[in-house]
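Each chain gets a letter, A, B and so on, in the order its sequence line appears, and its residues count up from 1. The figures here come from the full heavy-atom set of this structure, side chains too, leaving out hydrogens, waters and symmetry mates.
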Amino acid sequence: MLALRRLAAAVAVAAAVLLVVPGLAFAQPGEAYLRLAHLSPDTPQVDVYVASVADPARSFVVPGVGYGAVSPYRSLPAGPYVVSMRGAGAPADSPAVISTSIDARPGSAYTVAGTGLSAQLGLSVLDDKLQTPAAGKASVRVINGAVSAPAVDVGPANAPAWAGSVEFGTDTSYVDVPLGTWNLRVSAPGRPTVTLPCELDANNVYSVLLVDRNGTLEAELLTDSAGSAVVPAGGIDAGYGGMATSPRVRPALLVAGAMIASVTAGMLLSWRSGRGEHAGDR
Amino acid sequence: MPVIDSPPRHDVRSGPGTQPGSGREPVAPEPPTAPVPLPAGPRTWPRRMATVGLAVLTAAHLLAALGYLFVITTIPARSDLQTGPRPAVVGPQTTAGPAAGPGVVPTAAVRATDLSIPKLQLREALVDLQLDAAGVLQPPTNPALAGWFAGAAAPGAVGPTVIVGHVDSRDGPGVFFTIKNLAAGDVVEVGRSDGRTARFRVTEVQAFDKTRFPTDRVYGPTAGPELRLITCGGAFDAATGHYERNVIAFGVLADPG
């Protein structure tokens, strides 16, 4: 019976291998994007420290970031990070002026921005959109880092605003807008209207960033993310079947099953006949 | 706008022996051993019947083994893919100029020209992909060719660069047969019509049912230059003549240096 048990175990292993191998597990996703912005008008240049909680080797420092600057995105492993600002040139072990934690999820993008006046300096974590805008649209939001414009409206001329009364130190959610060339009007009470010429492309996501430069309100268009201009429908048929696993694996399974069954039956038979022989010898 | 200036990061590269052992045979059950004497018991079967049964089973074994051999040998070996005059190692163009890295700023006229995957010893020129009337992306007709979709991003530009190749032909491996062997950390280089090269790092390889194709993940907005290598996988449906899944390798622009 021991032999049979061994055989049963071997059969179980073989069956498991045959069944599991074709459905190989793939690696899990785990990439996120992060960019940094300094939007506090009266805060001097800072060094921004991004510390990875999971893997300190992935930590980095962005030195000398001044008001109005937005870094390019950087791809990072998803996971928890601590973002800290120190005065430019301050020792790395000195107390941070401000810090915040962020749990970067896979497939997400974030803007971590120093916002508000320095007396109330805050670090805001903005969720940047990575979803496809509605068909034939682009997505736009407004980030107001201009203290001279405590509330702004942004939109095309002679049309309803895309974003209204955006307060200093805040950002709007994204809105889907028509594509094409625009002269966006940025208006704030008591301030001259600023015009922002821009080209909005299909499936792209933008931020209109407002900052004060040399006493005047300035508007800048940031491309947060870009999608395929043309989005094909559905999946792709990219195989003719010559290497298909099914014709290869199914006969293998059948053959293995037949062999296992016949071996089992054979052993049973020989066992029984063996017993018979012994009985006959008596 | 300051540029992020930081020390190079460490790529997660898969070491040797980490890729799935596609050529490995499954563990076979223990071979049948010679009949061993077993405890005595009452006679239940005539000896002749047992002998006949064993003979029949042996014949069945032989037939089964022959059938299995037939199935295996009529399928071309995967080493077919590696024959031919393809160079085994990528040329030095990625380090020759300032092209690689996030500084790449392509114009609309920039196109993808060739694909190189050192781990798979794959180096191919790229053709242009087309959509059919229904808006479905068509792979190159020739299963030995890979193609680039000009409707998506140019390699190195922010957005998804989409490259498609067949997993197989009717009787052998296609250009993307080994895409499933890619793993996080593997490097994929895409040459551009301006002579520069975009160097990507694979982040994930995953299979999706075509009925639930992740359109947003493949074609949707990305915050940096990204890569999608797409081929087929899963079960082959002989009735439709198509595989049921798409295997997609996702990548992000590799760190400079």
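Interface residue A:N203: only backbone heavy atoms are found under 4.5 Å from chain B. In this structure, the portions of B:A223 lying under 4.5 Å from any heavy atom of chain A include both its backbone and its side chain. Both the backbone and the side chain of A:A229 come within less than 4.5 Å of a heavy atom in chain B. Looking at B:L137, both its backbone and its side chain come within 4.5 Å of chain A, counting heavy atoms on both sides. Looking at B:F250, there are no atoms closer than 4.5 Å to chain A (heavy atoms on both sides), in backbone or side chain. Residue B:E226 touches chain A through its side chain alone, counting heavy-atom pairs closer than 4.5 Å. Of the atoms belonging to A:D224, it is backbone heavy atoms, and not side-chain ones, that fall under 4.5 Å from chain B.
Side-chain contact check for A:Y33 versus B:V252: some heavy-atom pair is nearer than 4.5 Å. Here the side chains of B:P221 and A:P133 are in contact, with some heavy-atom distance below 4.5 Å. Two residues are said to be in side-chain contact when any heavy atoms from C-beta on lie closer than 4.5 Å; A:M243 and B:H166 fail this criterion. Here the side chains of A:D237 and B:K210 are in contact, with some heavy-atom distance below 4.5 Å. Side-chain contact between A:P106 and B:E204 is absent, with no heavy-atom pair separated by less than 4.5 Å.
In this structure, the separation between CD1 on A:I236 and OH on B:Y243 is 15.5 Å, given to the nearest 0.5 Å. Rounding to the nearest 0.5 Å places CG of B:L253 at 15.5 Å from OH of A:Y73.
Within the structure, side chain to side chain donor-acceptor pair (under 3.5 Å) pairs that include any residue of residues 43-52 of chain A comprise A:S40-A:T43 (at least two apart or interchain).
No donor-acceptor pair under 3.5 Å is formed between the side chain of A:Y240 and the backbone N or O of B:G172. Side chain of B:D168 to backbone of A:G242: a donor-acceptor contact under 3.5 angstrom is found.
Residue with the most contacts toward chain A among B:G165, B:G233, B:G224: B:G224 (heavy-atom pairs, distance under 4.5 Å). When each of B:V136, B:T215, B:T222, B:V167 is scored by its heavy-atom pairs under 4.5 Å with chain A, the top score falls to B:T222. Heavy-atom pairs under 4.5 Å with chain B peak, among A:G239, A:A226, A:G227, at A:A226. In terms of heavy-atom pairs under 4.5 angstrom with chain A, the leader among B:P160, B:G220, B:S169, B:P140 is B:S169.
Heavy-atom minimum distance, B:F236 versus A:G241: CE1-CA, 3.3 Å. Across every non-hydrogen atom of A:Q131 and B:D216, the tightest pair is CA-OD2, 3.6 Å. In plain terms, the two heavy atoms of A:V230 and B:F149 that are nearest each other are O-CE2, 3.5 Å.
Not a single ring-ring contact (aromatic ring centres under 6.0 Å, His included) links B:F213 to another residue, sequence neighbours left out.
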